[in-house]
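In the text below, chain A, chain B and the rest are named by the order of the sequence lines, each starting its count at 1.
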Number of protein chains: 2
Amino acid sequence: MQPAEKSKGCPLTPLVALLTGPWTLHIIWTLSTQGPTRFGVLKRQVEGISSKVLTERLRMLEEAKVIYRDYKPTIPPQVTYRLTERGEDLHIVMTQLNTIAHKWYN
Amino acid sequence: MQPAEKSKGCPLTPLVALLTGPWTLHIIWTLSTQGPTRFGVLKRQVEGISSKVLTERLRMLEEAKVIYRDYKPTIPPQVTYRLTERGEDLHIVMTQLNTIAHKWYN
DNA sequence: CGGAATCCATTGCGATACTG
DNA sequence: CAGTATCGCAATGGATTCCG
(Lines give C-alpha, C1' and ligand atoms only; values in the text may rest on other atoms or scores of the structure.)
Protein backbone atom coordinates (compact mmCIF):
# COMPACT_ATOMS: atom_id res chain seq x y z
CA MET A 1 0.00 0.00 0.00
CA GLN A 2 1.15 3.49 -0.82
CA PRO A 3 0.71 5.68 2.21
CA ALA A 4 -1.10 8.17 0.07
CA GLU A 5 -3.69 5.64 -0.91
CA LYS A 6 -5.46 6.39 2.32
CA SER A 7 -7.35 9.53 3.29
CA LYS A 8 -8.98 9.94 -0.07
CA GLY A 9 -10.89 12.86 1.28
CA CYS A 10 -7.99 15.22 1.86
CA PRO A 11 -7.13 17.42 -1.13
CA LEU A 12 -3.52 17.39 -0.03
CA THR A 13 -3.21 13.67 -0.57
CA PRO A 14 -2.59 13.45 -4.32
CA LEU A 15 -0.26 16.42 -4.23
CA VAL A 16 1.73 14.98 -1.36
CA ALA A 17 1.85 11.61 -3.07
CA LEU A 18 3.37 13.28 -6.10
CA LEU A 19 5.89 15.38 -4.24
CA THR A 20 7.12 12.66 -1.92
CA GLY A 21 7.95 10.36 -4.79
CA PRO A 22 11.66 9.63 -5.07
CA TRP A 23 13.74 12.33 -6.75
CA THR A 24 10.65 14.37 -7.55
CA LEU A 25 11.60 17.53 -5.71
CA HIS A 26 15.12 17.22 -6.98
CA ILE A 27 13.87 17.12 -10.56
CA ILE A 28 11.56 20.08 -10.08
CA TRP A 29 14.29 22.06 -8.40
CA THR A 30 16.67 21.36 -11.26
CA LEU A 31 14.15 22.33 -13.91
CA SER A 32 13.27 25.52 -12.09
CA THR A 33 16.85 26.65 -11.65
CA GLN A 34 18.28 25.45 -14.96
CA GLY A 35 15.26 26.15 -17.10
CA PRO A 36 14.15 23.80 -19.89
CA THR A 37 16.41 20.78 -19.93
CA ARG A 38 16.90 17.75 -22.13
CA PHE A 39 16.59 14.22 -20.82
CA GLY A 40 20.26 13.40 -20.90
CA VAL A 41 21.29 16.61 -19.22
CA LEU A 42 18.64 16.16 -16.59
CA LYS A 43 19.94 12.69 -15.88
CA ARG A 44 23.38 14.09 -15.31
CA GLN A 45 22.17 16.96 -13.13
CA VAL A 46 20.06 14.72 -10.92
CA GLU A 47 23.06 12.75 -9.85
CA GLY A 48 22.53 9.09 -9.11
CA ILE A 49 19.12 8.65 -10.73
CA SER A 50 18.57 5.83 -13.20
CA SER A 51 16.97 6.26 -16.61
CA LYS A 52 14.12 4.09 -15.53
CA VAL A 53 13.16 6.14 -12.53
CA LEU A 54 13.78 9.44 -14.25
CA THR A 55 11.44 8.44 -17.07
CA GLU A 56 8.91 7.19 -14.58
CA ARG A 57 8.96 10.40 -12.58
CA LEU A 58 8.84 12.60 -15.66
CA ARG A 59 5.76 10.74 -16.82
CA MET A 60 4.04 11.28 -13.51
CA LEU A 61 4.93 14.95 -13.45
CA GLU A 62 3.71 15.31 -17.00
CA GLU A 63 0.46 13.59 -16.18
CA ALA A 64 0.04 15.89 -13.18
CA LYS A 65 0.55 18.85 -15.53
CA VAL A 66 3.61 19.97 -13.63
CA ILE A 67 5.95 19.73 -16.59
CA TYR A 68 5.71 19.87 -20.36
CA ARG A 69 7.40 17.39 -22.62
CA ASP A 70 8.63 18.93 -25.87
CA TYR A 71 9.43 16.23 -28.36
CA LYS A 72 11.31 17.02 -31.55
CA PRO A 73 11.53 14.01 -33.85
CA THR A 74 14.92 14.93 -35.21
CA ILE A 75 17.70 12.41 -35.63
CA PRO A 76 18.74 11.85 -32.98
CA PRO A 77 15.50 12.73 -31.23
CA GLN A 78 15.46 15.65 -28.88
CA VAL A 79 13.20 15.80 -25.84
CA THR A 80 13.10 18.81 -23.58
CA TYR A 81 11.28 19.14 -20.31
CA ARG A 82 10.16 22.37 -18.72
CA LEU A 83 7.91 23.47 -15.89
CA THR A 84 4.31 24.42 -16.50
CA GLU A 85 2.52 27.07 -14.52
CA ARG A 86 1.81 24.40 -11.93
CA GLY A 87 5.49 23.70 -11.81
CA GLU A 88 6.08 27.33 -10.99
CA ASP A 89 3.63 27.03 -8.12
CA LEU A 90 5.78 24.28 -6.73
CA HIS A 91 8.92 26.26 -7.33
CA ILE A 92 7.62 28.91 -4.97
CA VAL A 93 7.11 26.30 -2.30
CA MET A 94 10.60 24.95 -2.81
CA THR A 95 12.04 28.41 -2.53
CA GLN A 96 10.42 28.62 0.86
CA LEU A 97 11.80 25.25 1.79
CA ASN A 98 15.18 26.58 0.78
CA THR A 99 14.71 29.54 3.07
CA ILE A 100 13.75 27.23 5.90
CA ALA A 101 16.73 24.99 5.23
CA HIS A 102 19.04 27.97 5.60
CA LYS A 103 17.26 29.12 8.72
CA TRP A 104 17.59 25.69 10.30
CA TYR A 105 21.05 24.69 9.32
CA ASN A 106 22.94 27.94 9.45
CA MET B 1 21.09 4.06 -1.94
CA GLN B 2 18.73 6.61 -0.58
CA PRO B 3 18.11 9.27 -3.20
CA ALA B 4 18.92 11.92 -0.65
CA GLU B 5 22.35 10.48 -0.03
CA LYS B 6 23.53 12.28 -3.09
CA SER B 7 24.03 16.01 -3.55
CA LYS B 8 25.50 16.52 -0.12
CA GLY B 9 26.17 20.11 -1.01
CA CYS B 10 22.59 21.26 -1.35
CA PRO B 11 21.08 22.57 1.88
CA LEU B 12 17.70 21.35 0.71
CA THR B 13 18.78 17.75 0.76
CA PRO B 14 18.39 16.84 4.44
CA LEU B 15 15.12 18.71 4.68
CA VAL B 16 13.73 17.04 1.61
CA ALA B 17 14.90 13.68 2.87
CA LEU B 18 12.93 14.24 6.03
CA LEU B 19 9.78 15.49 4.38
CA THR B 20 9.59 12.84 1.70
CA GLY B 21 9.75 10.04 4.24
CA PRO B 22 6.57 7.99 4.34
CA TRP B 23 3.67 9.50 6.30
CA THR B 24 5.80 12.42 7.42
CA LEU B 25 3.72 15.21 5.96
CA HIS B 26 0.60 13.46 7.07
CA ILE B 27 1.84 13.37 10.65
CA ILE B 28 2.89 17.00 10.62
CA TRP B 29 -0.40 18.04 9.11
CA THR B 30 -2.30 16.16 11.77
CA LEU B 31 -0.28 17.63 14.61
CA SER B 32 -0.66 21.13 13.24
CA THR B 33 -4.39 20.93 12.80
CA GLN B 34 -5.25 18.86 15.88
CA GLY B 35 -2.67 20.35 18.22
CA PRO B 36 -0.73 18.21 20.71
CA THR B 37 -1.72 14.61 20.30
CA ARG B 38 -1.05 11.35 22.09
CA PHE B 39 0.49 8.38 20.36
CA GLY B 40 -2.63 6.26 20.22
CA VAL B 41 -4.78 9.08 18.92
CA LEU B 42 -2.18 9.96 16.33
CA LYS B 43 -2.13 6.38 15.17
CA ARG B 44 -5.85 6.49 14.67
CA GLN B 45 -5.79 9.85 12.90
CA VAL B 46 -3.04 8.87 10.51
CA GLU B 47 -5.12 6.08 9.10
CA GLY B 48 -3.28 3.01 7.93
CA ILE B 49 0.05 3.61 9.62
CA SER B 50 1.57 0.89 11.77
CA SER B 51 2.97 1.42 15.26
CA LYS B 52 6.39 0.59 13.99
CA VAL B 53 6.50 3.20 11.29
CA LEU B 54 4.75 5.81 13.37
CA THR B 55 7.34 5.38 16.11
CA GLU B 56 10.12 5.46 13.56
CA ARG B 57 8.87 8.66 11.96
CA LEU B 58 8.23 10.35 15.29
CA ARG B 59 11.79 9.59 16.31
CA MET B 60 13.16 11.15 13.15
CA LEU B 61 10.99 14.21 13.50
CA GLU B 62 12.05 14.54 17.13
CA GLU B 63 15.69 14.25 16.17
CA ALA B 64 15.19 16.90 13.53
CA LYS B 65 13.67 19.15 16.20
CA VAL B 66 10.39 19.31 14.35
CA ILE B 67 8.35 17.85 17.20
CA TYR B 68 8.60 17.57 20.95
CA ARG B 69 7.94 14.40 22.85
CA ASP B 70 6.31 14.97 26.22
CA TYR B 71 6.58 11.87 28.34
CA LYS B 72 4.59 11.52 31.56
CA PRO B 73 5.54 8.34 33.44
CA THR B 74 2.07 7.81 34.82
CA ILE B 75 0.37 4.45 34.82
CA PRO B 76 -0.48 3.90 32.11
CA PRO B 77 2.20 6.06 30.54
CA GLN B 78 1.16 9.11 28.60
CA VAL B 79 3.15 10.45 25.69
CA THR B 80 2.12 13.54 23.81
CA TYR B 81 3.64 14.91 20.64
CA ARG B 82 3.49 18.50 19.51
CA LEU B 83 5.14 20.68 16.90
CA THR B 84 8.14 22.79 17.74
CA GLU B 85 8.84 26.13 16.19
CA ARG B 86 10.43 24.28 13.31
CA GLY B 87 7.26 22.30 12.98
CA GLU B 88 5.37 25.54 12.63
CA ASP B 89 7.70 26.56 9.82
CA LEU B 90 6.66 23.42 8.02
CA HIS B 91 3.03 24.03 8.79
CA ILE B 92 3.24 27.24 6.84
CA VAL B 93 4.60 25.38 3.85
CA MET B 94 1.86 22.81 4.09
CA THR B 95 -0.76 25.50 4.25
CA GLN B 96 0.59 26.75 0.96
CA LEU B 97 0.50 23.27 -0.45
CA ASN B 98 -3.09 23.11 0.65
CA THR B 99 -3.81 26.32 -1.21
CA ILE B 100 -2.15 24.93 -4.30
CA ALA B 101 -4.08 21.70 -4.00
CA HIS B 102 -7.34 23.63 -4.02
CA LYS B 103 -6.19 25.75 -6.91
CA TRP B 104 -5.29 22.69 -8.95
CA TYR B 105 -8.12 20.36 -8.18
CA ASN B 106 -11.10 22.71 -7.96
C1' DC C 1 19.36 10.35 -27.87
C1' DG C 2 15.64 8.95 -25.18
C1' DG C 3 13.73 5.73 -23.74
C1' DA C 4 11.36 0.49 -23.09
C1' DA C 5 11.97 -4.16 -21.37
C1' DT C 6 13.75 -7.41 -18.42
C1' DC C 7 15.70 -9.26 -14.38
C1' DC C 8 17.04 -9.08 -9.83
C1' DA C 9 18.53 -7.89 -5.04
C1' DT C 10 17.38 -5.10 -1.45
C1' DT C 11 14.59 -3.47 1.96
C1' DG C 12 11.08 -1.24 3.97
C1' DC C 13 6.75 -1.96 5.43
C1' DG C 14 2.88 -4.49 7.54
C1' DA C 15 1.30 -8.07 10.51
C1' DT C 16 1.77 -10.18 14.62
C1' DA C 17 3.07 -10.96 19.16
C1' DC C 18 4.85 -9.38 23.29
C1' DT C 19 6.13 -6.06 27.40
C1' DG C 20 7.03 -2.38 31.20
C1' DC D 1 -0.75 2.98 26.74
C1' DA D 2 3.15 3.29 24.12
C1' DG D 3 5.93 1.19 22.38
C1' DT D 4 9.77 -2.99 20.96
C1' DA D 5 10.92 -7.43 18.54
C1' DT D 6 10.69 -10.53 15.02
C1' DC D 7 9.50 -12.22 10.61
C1' DG D 8 8.38 -12.56 5.79
C1' DC D 9 6.91 -10.87 1.64
C1' DA D 10 6.00 -7.55 -2.11
C1' DA D 11 7.27 -3.72 -4.13
C1' DT D 12 10.57 -0.82 -6.06
C1' DG D 13 14.56 1.00 -7.58
C1' DG D 14 19.13 -0.24 -10.02
C1' DA D 15 21.69 -2.43 -13.58
C1' DT D 16 21.74 -4.06 -17.92
C1' DT D 17 20.45 -4.69 -22.52
C1' DC D 18 18.28 -3.42 -26.65
C1' DC D 19 15.80 -0.35 -30.01
C1' DG D 20 13.70 3.39 -33.37
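- Out of C:dG20, C:dG3, D:dG13, the shortest distance to the side chain of A:R69 is found at C:dG3.
- Donor-acceptor pairing under 3.5 Å is lacking for the side chains of B:W29 and B:N98.
- For B:R38, the side-chain atoms get nearest to D:dC1 when compared with the rest of D:dG3, D:dC1, D:dG14.
- For A:K43 and D:dT16, the NZ to P distance is 11 Å, given to the nearest whole Å.
- With contacts defined as side-chain heavy-atom distances shorter than 4.5 Å, the pair B:H26/B:T30 qualifies.
- Atom pair A:E56:CD and D:dT12:P shows a separation of 9 Å (rounding to whole Å applied).
- Here A:Y81 reaches the OP1 or OP2 of C:dG3: one of its side-chain N or O atoms lies under 4.0 Å away.
- OP1 and OP2 of D:dG3 both lie 4.0 Å or more from every side-chain N or O belonging to B:R57.
- A heavy-atom distance below 4.5 Å is found between the side chains of A:L19 and B:L97.
- Distance CD1 (B:I49) to C1' (C:dT16): 17 Å, rounded to an integer number of Å.
- Rounded to whole Å, the distance from CG on B:L54 to C1' on D:dC1 is 13 Å.
- Residue A:E47 contributes atom CD, which lies 18 Å from atom C1' of D:dG13 at whole-angstrom precision.
- Atom P of nucleotide D:dG13 and atom CG of A:L58 are separated by 14 Å, given to the nearest angstrom.
- Checking A:K52 against A:Y71, the closest nucleotide of DNA chain C that is more toward the 5' end is the one next to A:Y71.
- Among C:dG2, D:dA2, C:dC13, the nucleotide with an atom closest to any side-chain atom of A:F39 is C:dG2.
- The side chain of B:V79 lies closest to D:dG3 when the candidates are C:dA4, C:dG20, D:dG3.
- Taking 4.5 Å as the limit, every side-chain heavy atom of A:K103 sits out of range of all side-chain heavy atoms of A:T99.
- For A:L42 and C:dG2, the CG to C1' distance is 12 Å, given to the nearest whole Å.
- Ranking D:dA2, C:dA4, C:dG14 by closeness to the B:W23 side chain, first place goes to C:dG14.
- Nucleotides of DNA chain D nearest to A:S51 and B:G40 differ in position, and the one nearer the 5' end is that of B:G40.
- We find that CZ of B:R59 is positioned 18 Å from C1' of C:dG12, with the value rounded to whole Å.
- In this structure, A:L42 and A:L31 have side chains that are in contact, with non-hydrogen atoms separated by less than 4.5 Å.
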